[in-house]
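Before any comments, here is the structure.
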Amino acid sequence: MSSPDTALGTGEKRKLTLLAADLADWYRQGGGRSFPWREPGTPLYQLVCVEVLLQRTRAETVASFYNRFFTRFPGWQDLAEAPVEVLEEFLRPLGLWKRRAASLRALAAYAAEHDGMFPNRYEELLQVPAVGQYVAHAILMFQHGERFPLIDVNMARVVERFVRPRKLADIRHDPWLQQACKWLVRRGDPKTVNWSVLDHAALTCRARNPDCQSCLVSSRCAFKAV
DNA sequence: AAGACGGGGAA
DNA sequence: TTCCCAGTCTT
């Protein structure tokens, strides 16, 4: 029995289920955003690289960088063979270039030893260099088709506003938020649900100036910013 | 539990 | 100028 503070309540589950259904529906009707890496058939290589490029970086920025990056580095081998200074310079306009270069090199080295495949268990994925909770979840969902939430600052903000704020500063250490996000992707196509939440966060439930007026689910939202 | 990494867009 | 961006790794 968990304390009511950390446990996901029945009413909360119901709220989240309905939220996910509404946002997924909105997404299927074309309400969300469109990015090159969301196109069907995008190779795992690109999906993993993009997750690194997206860290602390606007998706639109990465989208404008997408073609340039994958033209220069078409596969893991190209990434592994490039001198790190070249990679760093290439990533410079994105920011966090030293860290990102190191991450991509480490991932390329891992991929080379594992035939481009990644572990299918969460604990094992966390041992892979440059793979934290978010990327681990992304790989489990994209490569293995598992029902995992893309828990980032966006999903956290949507869930916290819609239901209730988390207690802990770090997203990954808040048990309630973790359960809530997991519940969010319990039904429906995982990619659709995840992307719909991220897009809702980026377009409507914005960090700075949330557009509650045009929000589809504002009537059931606990945030109530005017 | 904080700090570092980082350039660029938006308010 | 300040805040924020599909996080991860190090003190």
Side-chain angles (χ1 to χ4, degrees), chain A residues 20 23-24 27 32-39 42 44-66 68-69 84-85 87-110 118 122-143 148-161 166-175 177-178 181-182 184-185 190-211 225:
Chain A
L23 292 184
Y27 185 86
R33 298 176 296 177
S34 157
F35 294 114
W37 55 88
R38 290 187 182 178
E39 294 302 315
T42 301
L44 183 66
Y45 164 69
Q46 294 194 9
L47 290 170
V48 173
C49 288
V50 162
E51 296 305 343
V52 174
L53 302 183
L54 282 167
Q55 290 170 11
R56 305 295 297 168
T57 307
R58 291 170 203 284
E60 291 74 12
T61 303
V62 175
S64 66
F65 194 72
Y66 186 87
R68 204 181 345 154
F69 184 86
V84 67
E85 308 81 37
L87 186 55
E88 287 178 350
E89 192 58 31
F90 197 87
L91 293 169
R92 183 139 191 154
L94 276 187
L96 297 177
W97 44 276
K98 249 182 106 58
R99 171 172 295 281
R100 275 197 247 260
S103 295
L104 290 172
R105 288 296 300 269
L107 286 167
Y110 181 92
F118 292 88
Y122 181 68
E123 301 302 331
E124 209 173 320
L125 271 167
L126 288 184
Q127 304 306 312
V128 178
V131 174
Q133 184 190 67
Y134 177 87
V135 174
H137 282 188
I139 290 175
L140 287 171
M141 191 191 66
F142 287 122
Q143 178 182 331
F148 275 84
L150 264 34
I151 310 180
D152 67 337
V153 63
N154 289 296
M155 182 174 288
R157 185 174 63 249
V158 170
V159 169
E160 289 186 73
R161 280 179 178 168
R166 67 172 175 269
K167 300 294 182 187
L168 303 182
D170 194 323
I171 289 173
R172 296 163 306 178
H173 291 43
D174 190 291
L177 182 63
Q178 292 290 319
C181 293
K182 191 80 172 67
L184 210 46
V185 296
K191 284 190 288 189
T192 300
V193 176
N194 275 300
W195 288 338
S196 75
V197 174
L198 300 191
D199 288 358
H200 174 66
L203 300 175
T204 305
C205 197
R206 301 180 292 242
R208 195 119 39 126
N209 179 29
D211 187 8

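Residue numbering restarts at 1 for every chain, and letters A, B, ... go by the order of the sequence lines.
Nucleic acid contact class of A:Glu60 (heavy atoms, under 4.0 Å, all strands): none. Residue contacts shown for A:Phe35 include a base, since a base heavy atom lies under 4.0 Å away. At the heavy-atom level, A:Pro129 lies under 4.0 Å from the strands shown only through sugar-phosphate atoms. Among the protein residues, A:Ala207 comes within range of the sugar-phosphate backbone only, with heavy atoms under 4.0 Å from sugar or phosphate atoms but none that close to a base. Residue A:Arg38 is classed as a base contact, given a heavy-atom separation below 4.0 Å to a base. Contacts of A:Val135 with the nucleic acid, taken as non-hydrogen atoms under 4.0 Å apart, involve only primed sugar atoms and P, OP1 or OP2. A:Val153 comes within 4.0 angstrom of sugar-phosphate atoms only, judged by non-hydrogen atoms across all strands, and of no base. Note on A:Val131: only backbone sugar-phosphate atoms sit closer than 4.0 angstrom, heavy atoms only; bases stay farther off.
A donor-acceptor distance shorter than 3.5 angstrom exists from the side chain of A:Asn194 to the backbone of A:Leu150, with no hydrogens or angles considered. For A:Arg100 (side chain) and A:Val52 (main-chain N/O), a donor-acceptor pair under 3.5 Å exists by modelled atom type. Judged purely by atom type and a 3.5 angstrom limit, A:Ser64 has no side-chain atom pairing as donor or acceptor with the backbone of A:Val62.
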Sugar-phosphate atoms are those with a prime plus P, OP1 and OP2; base atoms are the rest. Using that split, label each nucleotide of nucleotides 4-11 of chain B B, S or - for protein heavy atoms under 4.0 Å, 5' to 3'. BBBSBB-S

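Comparing the same atom, P, in B:dG3 and in C:dC4 gives a spacing of 16 Å after rounding to whole Å. Here the separation of C:dA6 from B:dA1, taken at their C1' atoms, is 24 Å to the nearest Å. Rounded to the nearest Å, the gap between the P atom of C:dT8 and that of B:dG8 is 23 Å.
Results of the side-chain contact (heavy atoms from CB on, under 4.5 Å) test with A:Trp195 over A:His200, A:Arg33, A:Arg38 single out A:Arg38 as the only residue that passes.
Considering every non-hydrogen atom in both A:Ala130 and A:Val135, the closest pair reads O-CG2, 4.4 Å. Contact detail for A:Pro149 and A:Cys181: the closest heavy-atom pair is CB-O, 3.4 Å.
The nearest whole Å value for the distance from the CZ atom in A:Arg172 to the C1' atom in C:dA6 is 14 Å.
For the 3.5 Å distance criterion, the side chains of A:Glu39 and A:Gln46 fail to qualify, holding no donor opposite an acceptor.
Projected onto DNA chain C by closest heavy-atom contact, A:Asn154 and A:Leu126 fall at different nucleotides, the more 5' of which corresponds to A:Asn154.
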